[in-house]
Amino acid sequence: MQSPNSSDLPVVVRANVGDGCAAPGGCGGCAGDGDATPTEHSSLLESPEHVLSTLDKDGSRRWIRPSLSTGRHWKRRRIVAYALVAFFVALPHLRIGGKPVVLLDITARQFTILGHTFLPTDTPLLALGMVGVFLSIVLMTALSGRVWCGWGCPQTVYMEFLFRPIDRFFEGTVGRGGTPKRKLSPLMHVARFAVYTFFSMLLAHTFLAYFVGTNQLRQWIQSSPIDHPLAFLVMFGTTAAMLFDFLFFREQLCLIACPYGRFQSVMLDRRSLIVGYDYGRGEPRGKVSKKPDPTQTPKGDCVACNRCVAVCPTGIDIRNGLQMECINCTQCIDACDEVMRKVGRPEGLIRYTSQDELEKKPSGLLRARTILYPILLAAVGAAFLAVLSTKYSFDARLLRAGGIPYTRGPAGELRNSLRVRIVNRSNDTQLYTITAPVPEGLTIDVVDPSGLTLEPGATSVVPVMITLPSRLTAISGHVDATLQIDDQAGNSKSLDYRLLGPKN
């Protein structure tokens, strides 16, 4: 995805990262001889050898081995990344009221979030929660672009701060042109694969803890795979998927599989925060000359060192304008700022900015979408809390039994067969009682009293027979009644119901 003014930019195709720098004495991230001319750089940048950032012209995979720029943004991202890793590992072990903070038990059809268990009957809550998450993503993107991709996405965090450092440890710091500084021997390949497998197993087991719980996962780990072959296959498959992703698929997950980057064109606007190259300040690119020639067009601040391409983890050239592949990782910002300091020019040639700001147009946070999205998000949040406030420590619902709607007893009394569906949401086993306070004189017979004792999270459908005395015989064909269900903890719930009978 190009910015609307991309037609004003020079046609630039991916170049060999790390080619000769036009900065005097080199920039520290490229050849360093400072002898490359602007013409030579232009021919390099226009080379059609890469049709995509991960695809060469002959159709082969282009492996991206970005250099590393340890600037101020990278240092902040590293702190955030390791904090997120610690949070991801610790979260399944945390408890609120004896329940996990997060447990997505798909097989039991129960989602526990912040200590509250959501059941299949909580469809409105789940739907409102999903809408709230979607609106939050849209609002965050409208305000700050793809900051999630570069700073918080697990794929980026683990790829850039765990697995790429492993590559650099075994291969050496990535050299010019994105090639390792030393070739791995077969033994070193095996060693790197073993390290990748170890960390993939750790990630896979932590990931599974969110779906099966830490207690169940601990039992699986401590027992033989023969005792739980299906669980072992799940763990093996998850580990293999992690290994495939980080060892082979890598940045292609962001470029090909993830839909977020493709949706950004409708979620971003011209005032959204992006990582952008200041084309007006940087062009025309060229060598820094100690003796400027007044007869030539003055050069811009970009010295055509190509360092921003060398450090990009998705292999793009940020100078091409806004692109779908950009994940806002800020590596190009750190690399460019380092070069600008060396050549004595102001930092910020590549920076956090917006399309309007780059075009010298008014920019700001307030616009239609940044006002509408928070309003919608607040409405969804209020609706979620309103629905949540109606939830009890148990759910109860009356269902009419099949067959004829009512029968008469020998003394003229009316009988209605009903079913009471009870869901125990508490953490303790509960014994429930059913009474009928309104109208007076109703009697309730529980067909199967064992169904009134429920384990935590259990559901029971209890058949009951409600008898209406002859003195309360229906006149209009029905009698309004109220049933009350109580548990041992003192919680109660009233259910209004219409008992049926003949019209007198």
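When reading the values below, keep in mind they use all heavy atoms of this one structure, side chains included, and skip hydrogens, waters and symmetry mates.
No donor-acceptor pair closer than 3.5 Å links the side chain of Asp278 to the backbone N or O of Leu349. No donor-acceptor pair under 3.5 Å is formed between the side chain of Ser53 and the backbone N or O of Gly315. When atom types are taken as modelled, the side chain of Tyr210 and the backbone of Leu91 share no donor-acceptor pair closer than 3.5 angstrom. Side-chain atoms of Arg78 do not come within 3.5 Å of backbone N or O of Lys75 as any donor-acceptor pair. With hydrogens and angles disregarded, no donor-acceptor distance shorter than 3.5 Å links the side chain of Thr141 to the backbone of Met267. A donor-acceptor pair under 3.5 Å is absent between the side-chain atoms of Thr238 and the main chain of Ala204, judged by distance alone.
With sequence neighbours left out, the side-chain contact (heavy atoms from CB on, under 4.5 Å) criterion links Pro346 to Arg281, Asp301.
Looking at heavy atoms from C-beta onward, Leu255 lies in side-chain contact with Thr314 at the 4.5 angstrom threshold. At a threshold of 4.5 Å between non-hydrogen side-chain atoms, the residues Arg345 and Val303 count as touching. Contact check for Arg341 versus Asp337: side-chain heavy atoms found under the 4.5 Å cut-off. Cys254 has its side chain out of reach of Glu325: every pair of non-hydrogen atoms, C-beta onward, lies at least 4.5 Å apart. Contact of the Ile318 side chain with the Cys312 side chain is not registered, since no non-hydrogen atoms from C-beta on lie closer than 4.5 Å. When side chains are defined from C-beta on, Cys326 counts as touching Ile316, because their heavy atoms get closer than 4.5 Å. The closest side-chain heavy-atom distance from Phe111 to Ile106 is below 4.5 Å. Counting heavy atoms from C-beta outward, Val195 and Phe169 have side chains that stay 4.5 Å or more apart.
Electrostatic pairing of Glu171 and Arg192 counts as a salt bridge here, judged by a charged N lying under 4.0 Å from a carboxylate O. One finds no salt bridge joining Asp269 and Arg271 here, because no Lys/Arg side-chain nitrogen approaches an Asp/Glu carboxylate oxygen to under 4.0 Å. For Arg168 and Glu160, the salt-bridge test fails: no basic side-chain N is under 4.0 Å from an acidic carboxylate O. Salt bridge present: Asp395 and Arg425 bring a charged side-chain N and a carboxylate O closer than 4.0 Å. With respect to the salt-bridge test (charged N to carboxylate O, under 4.0 angstrom), the residues Glu357 and Lys361 do not qualify. Under a 4.0 Å N-O distance rule, the pair Glu251/Arg164 qualifies as a salt bridge.
A ring-centre distance under 6.0 Å is not found for Phe170 and His189. Ring-centre distance between Phe118 and His116: below the 6.0 Å cut-off.
Tested against Lys99 for a side chain to side chain contact (heavy atoms under 4.5 Å, CB included), the candidates Thr112, Leu114, Leu94, Ile113 yield a single pass: Thr112. Under the side-chain hydrogen bond (donor to acceptor under 3.5 Å, both in side chains) rule, Thr214 has a single partner from His205, Arg95, Gln219, which is Arg95.
Residue Leu217 holds its CG atom at 6.5 Å from CG of Leu208, rounded to the nearest 0.5 Å. Separating the CG atom in Leu126 from the CE atom in Met130 is a distance of 8.5 Å, to the nearest 0.5 Å. Between the OH atom in Tyr373 and the OG atom in Ser136 there is a gap of 12.5 Å [rounded to 0.5 Å].
Contact between Asp317 and Gln323 at its shortest, heavy atoms only, is O-NE2, 2.7 Å. In this structure, Cys332 and Val275 approach most closely via the heavy-atom pair SG-CG1, 3.6 Å. Closest approach of Leu68 and Arg307 over heavy atoms only: O-NH2, 3.4 Å.
Residues Asp356 and Ser354 have side chains that never bring a donor and an acceptor to within less than 3.5 angstrom of each other. Side chains of Tyr277 and Glu283: a donor on one and an acceptor on the other come within 3.5 Å.
More than 12 heavy atoms of other residues, nucleotides or ligands lie within 6.0 Å of CG in Leu385, so this atom counts as buried by the packing criterion. Heavy atoms from other residues, nucleotides or ligands lying under 6.0 Å from CZ of Arg367 number more than 12. Heavy-atom contacts from other residues, nucleotides or ligands closer than 6.0 Å to CE of Met140 number more than 12. Annotation for Arg61: atom CZ counts as buried by contact number, over 12 foreign heavy atoms lying within 6.0 Å.
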In residues 243-250, what donor-acceptor pairs under 3.5 Å come from side-chain atoms, sequence neighbours left out?
residue	atom	partner	partner atom	Å
Asp245	OD1	Gln155	NE2	3.3
Arg250	NH1	Tyr196	OH	3.2
Arg250	NH1	Phe246	O	2.9
Arg250	NH2	Asp167	OD2	2.7

